[in-house]
Amino acid sequence: MDVKIGAIDTCKPPHTDVGCLPTVNAVTIHNPAVPFNSPESTLGRHLARRLVQVGVTDVFGVPGDFNLTLLDHLIDEPGLNFVGCCNELNAGYAADGYARARGVGACVVTFTVGGLSVLNAIAGAYSENLPLICIVGGPNSNDYGTNRILHHTIGLPDFSQELRCFQTVTCYQAVVNNLEDAHELIDTAISTSLKESKPVYISISCNLPGIPHPTFSREPVPFFISPRLSNKMGLEAAVEAAAEFLNKAVKPVIVGGPKMRVAKACDAFVELADASGYAVAVMPSAKGMVPEHHPHFIGTYWGAVSTAFCAEIVESADAYLFAGPIFNDYSSVGYSLLLKREKAIIVQPDRVTVGNGPTFGCILMKDFLAALGKRLKHNPTAYENYQRIYVPEGHPLKCEPKEALRVNVLFEHIQRMLSGDTAVIAETGDSWFNCQKLKLPKGCGYEFQMQYGSIGWSVGATLGYAQAAKEKRVIAFIGDGSFQVTAQDISTMLQCGQRTIIFLINNGGYTIEVEIHDGPYNVIKNWNYTGLVDAIHNGQGKCWTTKVCCEEELVEAIETATETKKDSLCFIEVIVHKDDTSKELLEWGSRVSAANSRPPNPQ
């Protein structure tokens, strides 16, 4: 009898639903033997098998004396590959990118010096609702409660500093310093990460991974994560109220938000769009979650910096349904969206609010959207209005021979590179705005970190995403300022044999911050970026670098990267003027600046 490992809801392609194991990555074991009290039934093996069972085949990390024994057990697991990173921050970012593609990610670091280094990446994953298992090699179990001072700490006998830091950015924390409850703590942590779609923290004492214990079996029995269910009466009431609200509207629209991923509701959202005939838009942080080839897709709704004609349709609608939105100062363009609560249905992963009320709880988004689609009248009015006002986008002015390259010309060529076999990673900065305007072909992945917005995220995330989705060629867009934060893990990409294409946008500084508030601190020292990558390459692995300053050089570089160097990591440094920014960034920056500079309220 075959036993399928990782009995979690199967889901669609890697870049859509997070927190479940894609069918293609399921592991099947034939007639597994389950010997108990075996010398191999150790804590380390149990953790390694659990990671493989839930879909993790690569763990990112940095070795340190407290995690070395644990790493021995992880690398002994046939289905698990350890990817050593240059620093803990990038290991966390890599696990973040991996989770976006695979559904769950993992990293392993050492006590405190490693844990506090990876903390920023874990906070980012928490903000983006990503299941991420952060494993820390902890002190010897005999040292707890002894009043001893250990290295890698702040010099106090209290070892809880790291734990306290992780409590606010993880949904569960397990400190494993004895074998009696290790099985329960590890399994609870991993299952909680998957159920909550958030990071968890597991600290394992350095002397425990190799010790057998009766609670472990050589082949852990797969655990089943019980599916969540909607309250049937509440679901029916919510659907009835929403259907009445929308069916009486003249030109309703629906807008997808980033929490559709954690709710595993992307397919249900598309089904609703098909059934209703409404115009379909996405919030910027949900780009890639809704197929842009959908016949009623009208673009990205981002207030004043929306794609052309999208905001006019959304904000003039007499009813709008937002599925999984996050309205923060960035996504609302400095709180300037022209939306009215009384016109809105807000659907969160587990509740629905219709207009100014009522609110219905204990309702899963995917159940609500699926049921609502069956109760709506077909109404394409908003999309028909969009078609009436839509004017096709023009093309950038043609470049003169050897003219300095412009960003709008760059992205016109990038558009032609995209296919279902590619994925786009956009770094915090002007790449947010330029990549939003790309039209994603069917199957093309797209990721960026909008809620947390940590510069440098994309280098590690690109490493992790490419490692998880080896069938895709990742195309990353990274500003020079962001690259300087995390550049080292180009080395790890080469070591893993990845074939990513990185476009390094060299405009001499932190352009996004210039448009919010300028100052001399936004200018950075220029590096010889291609020379740096060549030095990292050092003749080991497949790597090709070039620097482009004009359209002719760009065309040649893209041709080389996609043809003769298609199996290599390609690093293309693009030199552009420091003031060459998208018009959307200019508008967005001024509005966010105004929001940041509001005076204190009168006391």
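For reference, positions follow the sequence shown, starting with 1.
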CD-OG distance between Q498 and S568, expressed to the nearest 0.5 angstrom: 13.0 Å
CZ on R473 to CE on M417, rounded to 0.5 Å: 7.0 Å
Check: S193 side chain, P131 main-chain N or O, donor-acceptor pair, under 3.5 Å: no
Side-chain touch L321/L372, heavy atoms, less than 4.5 angstrom: yes
Whether Y446 and F448 hold their rings parallel, tilted or perpendicular, with breakpoints at 30° and 60°: perpendicular
Reported CZ-to-CZ distance for the pair F571 and F483, which is rounded to 0.5 angstrom: 4.0 Å
For W432 against Q449, the heavy-atom pair lying closest together: CZ2-O, 3.6 Å
Centroid-centroid distance, F327 to F322, less than 6.0 Å: yes
Within residues 225-234 or reaching into it, pairs that qualify as side chain to side chain donor-acceptor pair (under 3.5 Å) - sequence neighbours excluded: E196-R228, S230-D367
Test item: T562 side-chain N/O and I558 main-chain N/O as donor-acceptor pair under 3.5 Å: yes
S276 side-chain N/O to Y278 backbone N/O, donor-acceptor pair under 3.5 Å: yes
Backbone N/O of V333 and side chain of R591: donor-acceptor pair under 3.5 Å: no
Shortest non-hydrogen contact between K472 and G443, atoms and distance: NZ-O, 2.5 Å
N506 side chain to D480 backbone, donor-acceptor under 3.5 Å: no
Non-hydrogen atoms of N356 and E342 that approach each other most closely: ND2-CB, 3.6 Å
Electrostatic pair K437-E393, nearest N-O below 4.0 angstrom: no
Set of residues satisfying salt bridge (charged side-chain N to carboxylate O under 4.0 Å, His left out) with respect to R351, sequence neighbours excluded: none
Smallest separation among heavy atoms of V282 and V255, with atom names: C-CG1, 4.0 Å
Any donor-acceptor pair under 3.5 Å from K287 side chain to Q436 backbone: yes
Pairing of E236 and R375 as salt bridge, 4.0 angstrom limit: yes
Short N-O contact, K251 and E384, less than 4.0 angstrom: no
Main-chain N/O of V305 paired with E587 side-chain donor or acceptor, under 3.5 Å: no
Atom CD of E244 with >12 non-hydrogen neighbours under 6.0 angstrom: no
Minimum side-chain heavy-atom gap S482-Y510 below 4.5 Å: no
Ring centroid separation Y330 to W588 under 6.0 Å: yes
Shortest non-hydrogen contact between Y335 and S332, atoms and distance: N-OG, 2.9 Å
Donor-acceptor contact present, side-chain S593 to main-chain I516, <3.5 Å: yes
Check: N434 main-chain N/O paired with S582 side-chain donor or acceptor under 3.5 Å: no
Y98 side chain to D58 backbone, donor-acceptor under 3.5 Å: yes
Heavy-atom pair with the smallest gap, counting every atom of Y452 and A123: OH-CB, 3.4 Å
Between CG on residue L338 and OG on residue S316, distance to nearest 0.5 Å: 11.0 Å
4.5 Å side-chain heavy-atom contact, V407 and F433: no
